[in-house]
A.B. asks: 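Could you have a look at this structure, given as structure tokens, before my questions?
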Amino acid sequence: MKLETLLAHASDSQPQRGSAIAAPIVLSTTFQRNPDGTYEDDLVYTRSGNPSRHALENLLPYLEQINTEAKGPARAFAFASGMAAVSALLHTLRPGDHIVLPDDLYHGTRHLVQQVLADWHIEHSIVDMRNLPAVRAAVRAPQTRMVWLETPSNPSLKVTDIRAVAGIAHEVDALVVVDNTWMTPILQQPLNLGADVVMYSTSKYFGGHSDLLGGALIIAPHRVARLGESLRRIQALAGGVPSPFDCWLMLRSLPTMSLRVRQQSTTAARLATWLSAHPMVHTVYYPGLPSHPDHALARQQAVSEHFGAMLSFRVRGGAEAARLVASQVRLIAQATSLGGVESLIEHRASVEGPGTPTPDDLLRFSVGLEDADDLTADLAQALAALPA
Ligand SMILES: *Cc1c(COP(=O)(O)O)cnc(C)c1O
């Protein structure tokens, strides 16, 4: 089935659905044994399994639209947040293992590796993933166990060639993990480009309404034997599971994800073009712009003619000017995060904290579902506040 059809029927896999058209929610933390001591559908206790979570986990692999030649099914695990998903995956590493990270990845992932995992003797290298010789120089057998990708990157929207990096990583049998939060499976399907694991912060476009936290890992079919059981154990024992209510909310949001993401991306492309022509803006980062250095690669890797609903732009006048613009918008909210139906803008360097490589005149913009003309009018009046 096509992605939109799968999404429209997101809650059909609920086992206790009966004849209800809308999905039920199972809040129970515990489940009764049969008289013979067995459990119905292997449901024991919600940390190890819950019908609302299973409905979500059963659906997620299909959204990646994995090529049908794949042997066996992919497998998905849902978590309480994107960072709980990242953390669970990194729990599969052992002391002395090494991972390669992109130079402008999500700051939470970088901080987890540098501030928490360093104490566990997990080593890391940071490279610009567009520089393939640098990636090759960073991977080392047998220590390198993972190469982490985020494309487009956060917040400078650099585009990585997933297939090319996967080729290098697989030479040393390292797993290729793609944080696909910004693109969603609607716009990019990394498992079909050679990645082994896809990670999502489902707090963003999957939830889509800035009202739930969630994370997910989807394991490629040929990696399920290596990773599936250990991730199931970590999920149940480390316990970073999503609440049934958040799973249910997500199942309610998924039927509109494709419409939302494509409309938000269309508006983002218009705003990127408009911002590029504004005299107070000196650089716009958006892979959909023909002037973007990785535009051709972005077009080739995308599953549709859309380039995502995230963009960044740099204003003339440095950090002070950027903060002023963020404080002057009226329709657009000044807030962190992304992927909701409402547009958000933020001065990214302030959020990422000291030592961030993000330029201090950069504003990151999550484009929502408002009308494009209303958004440009709001940006125009905010940019007009800058001294010419
Ligand atoms: C938000 C985000 C995360 C972290 O997800 P949480 O749900 O906030 O824990 C990870 N990666 C990317 C790209 C994100 O945008």
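For ligands, and for the atoms within them, numbers begin at 1 and follow the listed sequence.
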A.B. asks: May I ask you to say whether E57 pairs ionically with R75, meaning some side-chain N is under 4.0 Å from a carboxylate O?
C.D. replies: no
A.B. asks: Table please: side-chain donor-acceptor pairs of residues 273-280 below 3.5 Å, with sequence neighbours left out.
C.D. replies:
{"residue": "T273", "atom": "OG1", "partner": "A269", "partner atom": "O", "Å": "3.0"}
{"residue": "S276", "atom": "OG", "partner": "A272", "partner atom": "O", "Å": "2.7"}
{"residue": "H278", "atom": "ND1", "partner": "M280", "partner atom": "N", "Å": "3.0"}

A.B. asks: Partners of E64 by salt bridge (charged side-chain N to carboxylate O under 4.0 Å, His left out), sequence neighbours excluded?
C.D. replies: none
A.B. asks: Note down each nitrogen or oxygen pair, ligand 1 side and protein side, whose separation is under 3.5 Å; give only atom names and the distance to 0.1 Å.
C.D. replies:
{"residue": "ligand 1", "atom": "5 (O)", "partner": "S201", "partner atom": "OG", "Å": "3.0"}
{"residue": "ligand 1", "atom": "7 (O)", "partner": "G82", "partner atom": "N", "Å": "2.8"}
{"residue": "ligand 1", "atom": "7 (O)", "partner": "S201", "partner atom": "OG", "Å": "2.8"}
{"residue": "ligand 1", "atom": "7 (O)", "partner": "S203", "partner atom": "OG", "Å": "2.6"}
{"residue": "ligand 1", "atom": "9 (O)", "partner": "G82", "partner atom": "N", "Å": "3.1"}
{"residue": "ligand 1", "atom": "9 (O)", "partner": "M83", "partner atom": "N", "Å": "2.8"}
{"residue": "ligand 1", "atom": "11 (N)", "partner": "D179", "partner atom": "OD2", "Å": "2.6"}
{"residue": "ligand 1", "atom": "15 (O)", "partner": "K204", "partner atom": "NZ", "Å": "2.8"}

A.B. asks: Honestly curious: do V177 and V100 fall in one hydrophobic cluster under the side-chain, below-4.5 Å linking rule?
C.D. replies: no
A.B. asks: Under the side chain to side chain contact (heavy atoms under 4.5 Å, CB included) rule, collect the residues that match up with R226, sequence neighbours excluded.
C.D. replies: R145, D173, L175, R223
A.B. asks: Stepwise, does the side-chain contact (heavy atoms from CB on, under 4.5 Å) test hold for R364 with N154?
C.D. replies: CA-CA 9 Å; R364 197 185 77 172; N154 184 359; 3.0 Å; yes
